[in-house]
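Please read the structure below before turning to the comments.
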Amino acid sequence: MTPPMTPPVAPSRVESRTVPGGVGDSAARPDGVLKVTGEFAYSSDLWADDMLWGVTLRAPHPRALIKSIDLGPALAVPGVHAVLTHEDVPGEKHYGLDRRDQPVLAVDQVRYQGEPVALVAADHPETARRARDRIRVEYEVLEPVTDARRAALDPGCPKVHESGNVVRHQPIRRGDPETSGAEVVVTGEYEVGMQDQAFLGPESGLAVPAEDGGVDLFVATQWLHVDQEQIAPCLGLPPEKVRLTLAGVGGAFGAREDLSMQVHACLLALRTGRPVKIVYGREESFFGHVHRHPATLRYEHGATRDGRLVHVKAEIVLDGGAYASSTTAVVGNAASLGAGPYEVPNVAIDAYGVYTNNPPCGAMRGFGAVQACFAYESQMDRLAQACGLDPVEIRVRNALSEGSTLATGQVVDMPAPLTDLLERARAFPAPPPPDRSDARNLPGGVANTTRGEGVVRGVGYGIGIKNICYSEGFDDFSTARVRLELVGGEPAALVHTAAAEVGQGLVTLQAQIARTELGVARVTVAPADTAVGSAGSSSASRQSYMTGGAVKAACAAVREQVVKLAEARLGRTLGEVTLRDGELRADGVAVPLAEILAGEAVEETREYRHRRTFPLDPVTGQGNSHVQFAFCVHRAVVDVDVELGLVKVVELAAVQDVGKILNPVSLAGQIHGGTAQGLGLALMEEVQVSGGEIRNPSFTDYLIPTILDMPPMRLEILEHPDPFAPYGLRGAGEPPTLSSTPAIVAAVRDAAGLPLTRIPIRPEHITGT
Amino acid sequence: MRVTLTVNGERRVADDVWPGESLLYVLRERLGLPGAKNACEQGECGSCTVYLDDVPVCSCLVAAGQAQGREVRTVEGLADGGRLDPVQAAFAEAGAVQCGFCTPGLIVQTHALLRDDPDPADADIREALAGNLCRCTGYEKIIEAVKLAAARTGGSQ
């Protein structure tokens with residue numbers, strides 16, 4: 001029996017905007033000017049007097065035993081200050097987000113190509129690289145485990161870790177698919193390639209040894225406190241001696257959830273007594289962070305003749321590679337959302353996440369839900385065809401709505417206007433046919449491969465469901481400290497959190513919330529660091545909800561203190577109070593905050609938690625595992641050169657419900673950017689792995705969408721408030737990454753008349769050559 | 001070796017330069033100008049774009065020695081004192097900046113585009129910026145920013 005969810009709390013009434021730049025405005029980014037002038041300090045820009053450069057020796061083999069390591073030749077290089085191996089790790093030898101299974105430096109074996117084995121610090125990066133290349137490691141090479149399905153299902157498969165290869169198997173059971181009475185059945189097997197987050201700012205940071213024997217680390221990450229929790233035990237230090245400050249982050253998209261160079265830089269700094277900077281190059285970055293889990297997905301959908309779903313069966317295998325990272329959560333999402341945003345009475349899903357000797361996989365925007373969405377949406381199109389319905393109609397007939405029950409038994413207790421989203425996507429006007437007089441409008445572009453012959457237009461739709469915030473009983477919270485005082489005679493607020501600004505505009509939003517809640521124009525957002533409590537991760541589309549919620553709560557606490565101060569100064573109890581335009585207004589009187597605060601500062605810290613969630617039952621997969629659901633629909637229009645297999649996406653139109661628009665420009669940026677990453681997965685992005693080895697670790701060979709690949713994007717935003725969430729908002733960053741991929745693939749199928757079951761689609765899949 | 005060059009109008013000298021160093025490394029690590037970014041090291045992403053004698057180049061592909069005696073202009077040299085260049089202002093205002101790592105390169109490239117073509121059509125903007133990767137924005141707001149900058153500098157209307 002699943003415990004009930006906590007009842008909804010009415011969102012507090014927000015005062016109408018009283019100062020510019022409040023909630024709902026397209027407030028300017030506080031870091032915008034620094035970023036356009038080149039002055040914003042990213043983690044790779046940091047510099048300290050007498051700093052050294054650290055580099056990492058990585059394993060060339062995906063699976064091998066380490067027989068010996070000879071550091072002598074590296075230590076002999078002039079300019080080298082330290083060369084370290086696992087023997088120099090003073091504390092815990094392993095770390096990990098969920099399971100501490102990943103060695104700081106390989107101990108006796110390596111489990112993936114690129115696993116860190118040794119570290120060098122030197123006075124010039126090239127000196128460090130040359131010394132690194134002189135370290136001699138003797139390996140006994142073993143046959144790597146590379147077949148994820150075999151790792152999941154074959155008990156005879158060699159073990160990557162002693163614990164066995166299955167990191168998590170999550171079944172979902174609802175009703176009985178075998179007796180569903182399906183009149184129409186469609187099956188399909190789908191494959192999703194390994195996508196890379198490909199943030200532009202490579203992994204980097206600067207570790208500075210401190211006088212107290214601890215270390216100060218300036219680093220680009222998504223969650224300062226979870227880094228601290230993992231780093232400190234490895235260094236053998238208490239957490240308070242490992243202080244982290246967020247350096248400028250050049251994009252994240254999940255790739256910075258796991259540690260990369262953090263412990264390494266600290267080890268070198270503590271050993272040498274000098275600041276150490278580590279900056280990965282692009283090639284190393286491909287080995288230095290986790291990727292999106294590649295997946296194979298086998299689906300069977302059963303429906304009545306008129307297209308109403310009666311069952312879904314699925315087997316989903318997600319390749320987690322050498323270490324667990326966030327595989328357990330990825331499996332939880334794929335399983336719990338594996339039937340998609342549809343009402344299905346009978347469901348049997350088995351999702352597996354496994355260890356192999358492939359590159360480690362973990363978080364990337366929309367994880368677990370992205371892979372499943374490609375498969376279930378492909379199935380919905382197959383079903384539409386089998387039932388003689390159009391793709392929007394089949395979705396409308398089965399779409400969830402508020403009050404629907406998911407395959408996990410969880411009731412959708414917030415607005416779920418899917419039918420509206422779908423109808424609006426269908427109603428967008430069709431883009432005009434291509435102007436064939438300019439080759440740039442055709443597939444192949446300036447390569448001038450066609451004048452329009454062989455070019456066929458296709459249209460496709462995709463819709464997804466994404467959970468927002470951390471799920472399955474995780475104690476998910478964020479902390480905010482807000483201080484209100486007079487600065488130069490004017491009331492000014494200072495907002496301090498540990499939340500990672502990774503480009504999404506959270507710094508802007510924190511200031512907007514403080515302006516709205518406190519009615520003051522001047523708001524400063526302090527640098528994020530571990531001097532304040534945890535904000536949780538900048539992932540799962542959760543920071544507007546969680547850190548937004550924390551800032552709002554801290555502001556409310558500050559407001560209460562201001563009222564008390566005012567009552568003390570005025571010598572009477574006040575009725576209903578509002579703070580606006582730098583004044584406190586109550587009982588028809590307005591008192592400037594400057595008078596109330598006088599010399600006093602009001603400071604409050606609050607933790608914010610979303611409503612409780614619960615684990616999925618390990619056998620039935622039943623449980624109220626999620627906090628909030630978000631939905632986006634895409635319509636893709638493509639032109640395909642069916643003779644050459646080239647695709648030009650003509651237009652991507654999206655309709656998304658966000659509950660409440662907090663910053664229109666930032667929001668559009670999230671939807672545009674998420675859509676682009678979905679286009680990449682559909683058409684070009686894949687870390688190509690063969691025998692456990694990455695074949696394309698560069699931006700020459702791993703392609704991400706350029707401005708020529710992206711079409712104009714049309715957006716329509718709906719605001720159906722979620723009664724449980726601050727301001728009624730709904731997390732917005734991930735949903736568009738789910739739906740754009742299947743929409744584009746459906747459009748290419750529509751044009752080419754091919755099944756296209758694997759992404760990214762390659763030209764040869766279209767030409768059959 | 002010693003490399004002498006003019007950067008943003010000032011004569012600068014870098015000593016002890018290793019012959020394998022790029023112009024990007026010298027700018028970032030020796031001359032204290034980290035505005036140009038290193039994101040791919042092979043001229044694919046455009047994050048390191050600077051002017052070399054008025055031609056936009058990927059500074060990661062220029063050996064430091066090749067810049068000897070030449071003029072370099074980086075993103076740090078575009079603003080006129082405290083006043084942003086119109087391209088910089090437009091990027092900030094239009095929402096073309098998220099993480100911002102691609103921004104310095106895109107701004108220099110856009111600056112060069114508008115210098116040569118004050119009123120570019122959409123297709124021309126896309127072609128001119130095709131060598132600059134952005135992972136955050138999907139490019140929609142970047143195109144808006146370029147048009148905004150063009151309109152303000154007298155291209156449109």
Side-chain angles (χ1 to χ4, degrees), chain A residues 26 28-29 31-42 44-45 47 124-126 197-202 248-253 279 281-283 438 440-441 445-446 502-505 665-666 668-677 679 698-700 704-708 710 712-713, chain B residues 16 18 20-21 25 28-29 32-45 47 74-79 84-85 87-104 107 122-123 125-143:
Chain A
S26 285
R29 295 186 67 102
D31 56 9
V33 169
L34 291 175
K35 284 179 173 177
V36 298
T37 53
E39 289 169 67
F40 186 76
Y42 293 89
S44 51
D45 300 334
W47 193 88
H124 187 285
E126 185 59 19
Q197 300 85 350
F199 50 51
L200 282 194
V249 182
F253 318 116
V279 182
R282 180 55 51 187
E283 181 176 356
D438 186 342
R440 293 180 296 186
N441 298 322
V446 289
V502 297
Q504 79 279 46
V665 165
S666 294
Q670 284 300 301
I671 301 174
H672 292 149
T675 300
Q677 291 180 3
L679 179 147
S698 74
F699 276 172
T700 303
I704 66 173
T706 70
I707 198 167
L708 287 173
M710 287 309 298
M713 286 179 273
Chain B
D16 302 323
W18 170 63
E21 281 175 22
Y25 185 91
R28 289 177 52 80
E29 308 297 342
L33 292 167
K37 297 287 174 256
N38 184 14
C40 81
E41 305 101 39
Q42 48 189 207
E44 290 289 345
C45 75
S47 306
T74 72
V75 71
E76 288 102 332
L78 294 185
L84 295 181
D85 181 88
V87 175
Q88 292 174 313
F91 267 66
E93 285 171 41
V97 178
Q98 288 189 32
C99 94
F101 208 79
C102 67
T103 303
I107 283 177
D122 279 19
I125 295 172
R126 289 184 188 271
E127 205 173 331
L129 302 183
N132 291 76
L133 296 176
C134 169
R135 192 55 161 168
C136 296
T137 65
Y139 305 102
E140 192 85 354
K141 297 285 183 192
I142 289 172
I143 291 175

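In what follows, chains are A, B, ... by sequence order, proteins preceding strands, each numbered from 1.
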For Phe699(A), ring pair (Phe, Tyr, Trp, His ring centres under 6.0 Å) partners two or more places apart: none
Pick one of side chain, backbone, both or neither for [X], based on which atoms fall under 4.5 Å of a heavy atom in chain B.
X: Gln197(A); value: backbone
X: Val446(A); value: side chain
X: Thr675(A); value: neither
X: Glu126(A); value: side chain

What part of [X] is in contact with chain A, defined as an atom under 4.5 angstrom from a non-hydrogen atom: side chain, backbone, both or neither?
X: Glu41(B); result: side chain
X: Leu33(B); result: neither
X: Cys40(B); result: both
X: Ala36(B); result: neither
X: Ile107(B); result: side chain
X: Glu21(B); result: side chain
X: Ser47(B); result: side chain

Ile142(B) side chain reached by Leu129(B) side chain, heavy atoms, under 4.5 Å: yes
Considering all heavy atoms, the nearest Gly201(A)-Arg282(A) contact: N-NH2, 4.3 Å
Minimum heavy-atom distance Phe199(A)-Ala252(A), with the two atoms named: CD2-O, 3.6 Å
Tyr25(B) and His124(A) aromatic ring geometry - parallel, tilted or perpendicular at 30°/60° bounds: tilted
Thr137(B) versus Gln98(B), side-chain donor and acceptor atoms under 3.5 Å: no
Check: Glu140(B) side chain, Met713(A) main-chain N or O, donor-acceptor pair, under 3.5 Å: yes
Top contributor to chain A interface from Ala39(B), Gly100(B), Pro34(B) [non-hydrogen pairs under 4.5 Å]: Ala39(B)
Residue among Gly35(B), Gly131(B), Ala123(B) with most heavy-atom pairs under 4.5 Å to chain A: Ala123(B)
To the nearest 0.5 Å, tell me how far [X] [atom1] sits from [Y] [atom2].
X: Ile707(A); Y: Cys134(B); atom1: CD1; atom2: SG; value: 9.0 Å
X: Arg135(B); Y: Cys99(B); atom1: CZ; atom2: SG; value: 11.5 Å
X: Lys141(B); Y: Ser666(A); atom1: NZ; atom2: OG; value: 9.5 Å
X: Lys35(A); Y: Cys102(B); atom1: NZ; atom2: SG; value: 10.0 Å

Give the member of [options] that has the highest number of heavy-atom pairs under 4.5 Å with chain B.
options: Gly251(A), Gly32(A), Ala198(A), Ala28(A); answer: Ala198(A)
options: Thr37(A), Val665(A), Ile671(A), Val502(A); answer: Thr37(A)
options: Pro202(A), Gly669(A), Ala676(A); answer: Gly669(A)
options: Leu34(A), Asp438(A), Asp45(A); answer: Asp45(A)

